[in-house]
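Here the structure is a predicted model, which means the values were calculated and not measured.
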Amino acid sequence: MEGQGEAQALPPFARRRPALLSGGLAEVGSNLFPIVLIGALVLMVADVAVRSGVSVAGSQLVNGLTKGAIFALIAVGYTMVYGIIELINFAHGDVFTLSAIYAKQIGRGLGFLGLSLSSLATRNPLGLALALAIIFPLTMAATGITGVLIERVAYRRLRDAPRLAPLITAVGVSFILEGAMLVTQGSSNVRTGKDGWIHGVAFTRGTVEVHWADIFVVGTALLMMFALQAFIRSTRLGKAMRATAQDRDAALLSGVNINGTIAATFFIGSALAAAGGLIYSIFFDSVVWNLGFQFGIIAFTAAVLGGIGNIVGAGLGGFLIGLIYVFGGQLTAGQWSNSIVFAMLIIVLTFRPVGLLGIRVPDRA
Amino acid sequence: MERHHARVVPVLGVISLVALAACGTSTSSGGGGNTGSGPLDSCVGQVTVASELPTSGGDAAIGGGTEKGVKMAVDQANAAKLLGGCTINYIAKDDSSVAKGKHDPQQGAQNVTALVANQAVVGIIGPFNSSVAVAELPITNKAGVVQISPSNTDPGLTIPGSDPDIDTASLRPTGKTTYFRVISNDVVQAEVMSEVAAKELNLKKVYDIDDQETYGKDLSNYFDKDFAKLGGTVVKRVSLPGDTKDFRPQITEAQGLGADSVFFGGVASNGSGILKKQMADSGFNAQFLSGDGTVDPQFFVDAGAQGDGAQASSAPDTTKLSSAHQFVTQYKQRYGQEVVAYSTYGYDCMNILLQAIHDVLVANGGKIPADPTSFRTNVIAKVQGIDFKGTIGETKFDANGDTLNHDFSVYKGTGGKWVARETISPSAS
């Protein structure tokens, strides 16, 4: 959704802000915001470096980036759906959890067929590549299809309903997914059967150890996001998505298959959440039915921080939130990690509702 | 007073535990005891008791296993006609909520409100978690219904002024003691763990993480204080929400601070096993220490083989007590699984309640008291005065409702299970 001169209109909640704050303050805050944010982050890092040493700060940087990579992949799904139908898809966090469970079940299913992904993945690098090449497409496809089904069943008929209706439906879908996972997976953490897939230290800088898993997580997230960006910029379907986001009716008049395009958006957004769910499973080897609630809402914050509707912004927002989460938590003995993230959400909505890179949403409604 | 008293008991408790196990003392096996033909033969009607424990959600393994012990006590008492012609009706409530996915004080308060509103209910076993107890105790106290907890260890629940976060008086609006517990409190537990850490394991620098709950925060507070008193240093104390899944920032920090141990004040459903696994994955070999909230099978579900080596204090392993032998065997026969850490405690709680009810009925001429309020009041008085020899040893209560039995022991993660260490020698090395 880049470079097409699309309207930088504010969503309704944002549009009312300047009036409330009578212009001036919001204007100044809005322009200073990125500088203040980056400055605050640099100060946080410096604080940790001074108090705990550079190597701790370095390790925390790795921790923050890996956490942020997962937030980023989920945030992209939020932002794509918002960009195209202005729906905050609250079920998206649960789609993320669901994908980790799909991955677990696919692994088990293949196990019954005599193909143990885990023993393949832990045998040698080639085996690992093979296991990843099997599990990633399968899980992403399954999750993508689930996303399409959710859109078809729960959202499509409400597309022209007042905005509150699909929003509440989204919350409902979220509860349904959580309930389904609670019933089938039980209420406690479950192992995902990916213990030790990627392990070992890749390299050491000073005393900062960077593990292969860290590189894998960040690398996969970046790769996925670049691929998405290329897809949206240069394919026909990507163009249809941009057109639909910009003006659905005009796109329809120009012959764009709106239903198909929106379904594709859900497919891609869910598949990316699945990539997030997979790297989460490989990284932590543990998933719990309500994991998506926290991850979803933090990723949503990341999407707002980057500028909702803006894919590059969502990626950037994800990484920034990951860093803020880790370094902010360090400053406050952990107690305020969540509070800092959500305070960020409020600050963004107040002073820079367009987010860091600007909102990309349809210029209507 | 209590604190001073508590300081000497860990060693005594351990000694008494070892003595009990070693001598094979044959105390009464509980089960209510068959009273045979007696004063209650003419008793007519039904007496209702209840339990209020987290039996689904993240605490299902430990809470459910406790409830199974409670239920066995009821069934055995009914089979043995403990109340003569009267039967015991049992209501089981679950304080896990879907919203939290584990124990929830709100849900607990709702449950006991419903239970006390039911005139037939004369006593409640539970709750399991101290945070839930804080929400429940004022309700049952006002209603004048006895509560006996198998597992609450927060001292503030019974001892005024022992926990800055809890106004003990507000838990007893009537001023009377209606809440009892058969397990000792966290002050004692923290002393056991800090002695093990400082003296036996020779640890110097601990990084302390609590789970932001009443129980976890206090346990960490007491541990910090005791560990410092024994010459150790608490390099940092952090407080993390229960849904934390990524402890790497804290692990990195602990490594940077040169910690040789990590203490987790909290329950397994709040991530102690995940923390232990991530410590191992990060190559951080500090000793993992925790309290009874972590001595839960869920710890090993989360930590896997990397849970081994962790040490945590908990209620004595009653499976090793000869007084519990019969119960443990029967439990396994009935449910096809091993007892959990609190099954025996739940079993004894219910037996104490049933014994008290039995005594009230006898004193009332073998009849159920006509006035439900005085029935409830009389049961409280009988529980207060009880001297019960059950699976966990002898239980008597002080005026605050605390047990006079101060046993705790230390468990070690071994082969994917919590195994109670045979002996503890806090003054070793």
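- A donor-acceptor pair under 3.5 Å is absent between the side-chain atoms of B:D95 and the main chain of B:V132, judged by distance alone.
- Here the shortest heavy-atom pairing between B:G58 and A:S187 reads N-OG, 3.7 Å.
- In this structure, chain A has no heavy atom under 4.5 Å from any part of B:K102.
- The aromatic rings of A:Y280 and A:F284 lie tilted to each other, with the angle between the two planes from 30° to 60°.
- Of the atoms belonging to A:V201, not a single heavy atom falls under 4.5 Å from chain B.
- Residue B:F263 forms a side chain to side chain contact (heavy atoms under 4.5 Å, CB included) with just one option from B:L203, B:V206, B:D210, and that option is B:V206.
- Classification of B:D211 and B:K217 as a salt-bridged pair fails, no side-chain N sitting under 4.0 Å from a carboxylate O.
- Within the 4.5 angstrom heavy-atom criterion, atoms from both the backbone and the side chain of B:T252 approach chain A.
- Looking at A:N189, both its backbone and its side chain come within 4.5 Å of chain B, counting heavy atoms on both sides.
- There is no contact between A:H199 and chain B, counting heavy-atom distances below 4.5 Å.
- With chain A as partner, the option from B:P249, B:G283, B:G256 having the largest number of non-hydrogen pairs under 4.5 angstrom is B:P249.
- Taking each heavy atom of A:G277 and A:S99 in turn, the nearest pair found is CA-OG, 3.4 Å.
- Interface residue B:K236: only side-chain heavy atoms are found under 4.5 Å from chain A.
- Contacts between B:A254 and chain A at a heavy-atom distance below 4.5 Å are absent for every atom of the residue.
- Judged by distance alone, the side chain of B:D296 and the main-chain N or O of B:I62 form no donor-acceptor pair under 3.5 Å.
- For chain A, no part of B:Q255 is nearby; none of its heavy atoms comes within less than 4.5 Å.
- B:P127 and B:S151 get closest at one heavy-atom pair: O-OG, 4.1 Å.
- In this structure, chain A has a heavy atom under 4.5 Å from the side chain of B:I274, while its backbone stays farther away.
- Counting heavy-atom pairs under 4.5 Å between each of B:D246, B:V301, B:I251 and chain A puts B:D246 at the top.
- For A:S59, the parts lying near chain B are the backbone and the side chain together; criterion is any non-hydrogen pair under 4.5 Å.
- Proximity to chain A is limited to the side chain of B:Q298, based on heavy atoms less than 4.5 angstrom apart.
- A tilted orientation is assigned to the rings of B:F288 and B:F299, their planes being inclined by 30° to 60°.
- Contact count against chain B (heavy-atom pairs under 4.5 Å) is highest for A:R191 among A:Q294, A:R191, A:K67.
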